[in-house]
Amino acid sequence: MLSPPTVGDGILDMDHTSHYSVCRLLASLLYGLESHMDDSEDSNFLQDTLMGNTLHLLIRVYERLLRFGAQRLKPIQDSAECLAGELALELRESYASPEAAELYYLLSKPHLKSLLSVHDSVAQKNYDPELPPLPGNICDEEEDSVKIVRLVKKQEPLGATIRRDEFTGAIVVARVMRGGAADRSGLIREGDELREVNGIPVEDKDLEDIIPILAQADGAVTFKVIPGTKEEPAVNDTKTFVRALFDYDPEDDPAIPCKLAGLAFKRGDVLQIMCQEDEVWWQARHHDTNSQAGLIPSRELHERRVSHRTSSCRFSGLRKSFRLSRRNSESDKQSRWRKFRRHRHGLIPTYLEVVPYQRGPADPHRMVLMFGPSGVGLSELKRKLLLSDPELYSVTVPHTSREQRKHEKEGVEYHFVSRHTFEKDILNHKFIEYGEHSGNYYGTSLESVQRVLAEGKVCLLDVEPQTVEKLYTRELKPYVVFLKPPPIESLRLSRRKTKVISSRDERTQTKTLTEEDFEDMIASAHAMESQYGHLVEEVIVNDDLALAFTELKNALRKIEKEPQWIPVAWAQD
Ligand SMILES: Nc1ncnc2c1ncn2[C@@H]1O[C@H](COP(=O)(O)OP(=O)(O)OP(=O)(O)O)[C@@H](O)[C@H]1O
């Protein structure tokens, strides 16, 4: 049973009838909800929330604001800054008392001066920037369709690109950047012919000479333009977000219409696409900024560029072991070579449309897919994660067709199946990955991943990079981590005491890593990153093991707590 509500000590003021009514409403709400609560903890929480000081103070503040709004207060005078200045002058001349000296000191403070200046602007309702008077000679008689545009820009680009019309030779506005000064003014349009900037004629100038004039003009800038005839396209304020799947720097792009208008980005950055009217140059900005849009190559342009580049580069130094069996096999190596090369000719990574996603408490965890060159430390990091939180992390149990050994239990080390069953399962596409070693099959089934997810755990799986594409599904929503070796000097240093298992002729031995292993690892990482880097959300360099582990753990903690950008296709029902 709830005790009769007592509203926040001393907060309830019976003079304010509206506050009193709100309190009564909250009290009756509290009583009404009582029958639905079994737990005294819940009812205490509700009582504290609805009857506590915080909510009631907020209601009081809100009411005060409403009252002031209704009173329509008027400023007593609108030149407080000037008055304070005059007073300060008088005080400076006669320091009559310590109080006068203190007042002088207060009035001289820049914060107070700025406050009074803002007060005066509000009092005078003087919000618009002041434009200088129009120059008298600005309109020639024959140019009756001339448009004089004056806008104020503050240390920012104009937000428009220009080009020379190939037929008339005129300088015309090629595009207006979304959110820029020109766009916000609404006065400069695509197709307008530019005649003068701040009284400087531009018709006979080269484009390269006009661009700095536009960039440097600051404050109130006057443009003389002949309005274009192009129809104004309907403004389509897009809210499309994409993840960039390649690096771009306008400084290195000789084809961009204006380097200053370009937007640099790195693979993995999330961009908001602001305009796709131009088939070649889109407008976009980084999703977490409010800046004006910049030019980026359209999907089509980037695809065209990449497909024109020679595709003669070859991969080298592919991993030596199959993850499950950690065995050396020359034929495995050869077939992986072929697979890698086949996969190179897939789709060209450009932009991936993404949406924000926050896992609900009842949803399965995103699976964590890791890849990297053989020997880089995937098993080690997986082992550390499992040890750090066995309640949260888990791994799959692989299948094998080999004989069960005495100490092994079905479903613990492996699922033991006959060779015939394994082959049937291969035909039924049961395996995410499988391989053969010493006459036995080893494989990871999709079902084993689903089992881990159904237990409410994060499934950790390290795979061949080409398998990532197969698992890039709405159901699994993989978070892809690429584990990378450090530069070769650090690799030599950090792995000088490392021993790896090497199994030849069915004998398990340990060996130290050789110079060839290091070179292999680095070359392989390079090839993997250039081909599969676009699928990766987190790159971790495994130099110091403890640091790499902390980095990985923090990244995984973040995906549990913070919203993530996931492909739009994963979010659709
Ligand atoms: N940062 C590191 N510094 C030193 N040794 C490391 C580091 N990371 C991993 N190792 C060691 O390197 C060896 C290989 O690591 P691990 O077995 O985890 O590689 P892997 O990526 O799983 O390779 P494979 O797929 O070939 O088994 C292990 O002995 C491991 O302890």
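Ligands are counted one by one from 1 in listed order, and the atoms in each one are counted from 1 as well. Heads up: numbering here begins at 1 and tracks the sequence.
Residue D543 approaches ligand 1 through these ligand atoms, each under 4.0 Å from one of its heavy atoms: 1 (N), 2 (C), 3 (N). Here is the list of ligand 1 atoms found below 4.0 Å of a heavy atom in S374: 23 (O), 24 (P), 26 (O).
Using a 4.0 Å cut-off between heavy atoms, K497 makes no contact with ligand 1 at all.
Closest non-hydrogen pair, I540 versus L552, comes out as CD1-CA, 3.4 Å.
Salt-bridge formation is detected for the pair E423/R419: a Lys NZ or Arg NE/NH1/NH2 atom is positioned less than 4.0 Å from an Asp or Glu carboxylate oxygen. Salt-bridge formation is not detected for the pair R305/E300: no Lys NZ or Arg NE/NH1/NH2 atom is positioned less than 4.0 Å from an Asp or Glu carboxylate oxygen.
In this comparison of N542, D462, T498, the heavy atom closest to atom 28 (C) of ligand 1 sits on T498. Among R496, K499, R495, R383, the residue whose heavy atom sits closest to atom 10 (N) of ligand 1 is R495.
Distance check: L158 CG to C258 SG gives 10.0 Å after rounding to the nearest 0.5 Å.
Taking a 4.0 Å cut-off on heavy atoms, G372 fails to register as neighbouring ligand 1.
A distance below 6.0 Å separates the ring centres of F431 and H399.
The shortest N or O to N or O distance between E380 and ligand 1 is under 3.5 Å. On a distance-only criterion, L381 and ligand 1 share no N/O pair closer than 3.5 Å.
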Subject >> Criterion side-chain contact (heavy atoms from CB on, under 4.5 Å) on L295 and K259, from CA distance to verdict >> reply: CA-CA 9 Å; L295 290 183; K259 285 194 194 300; over 6 Å; no
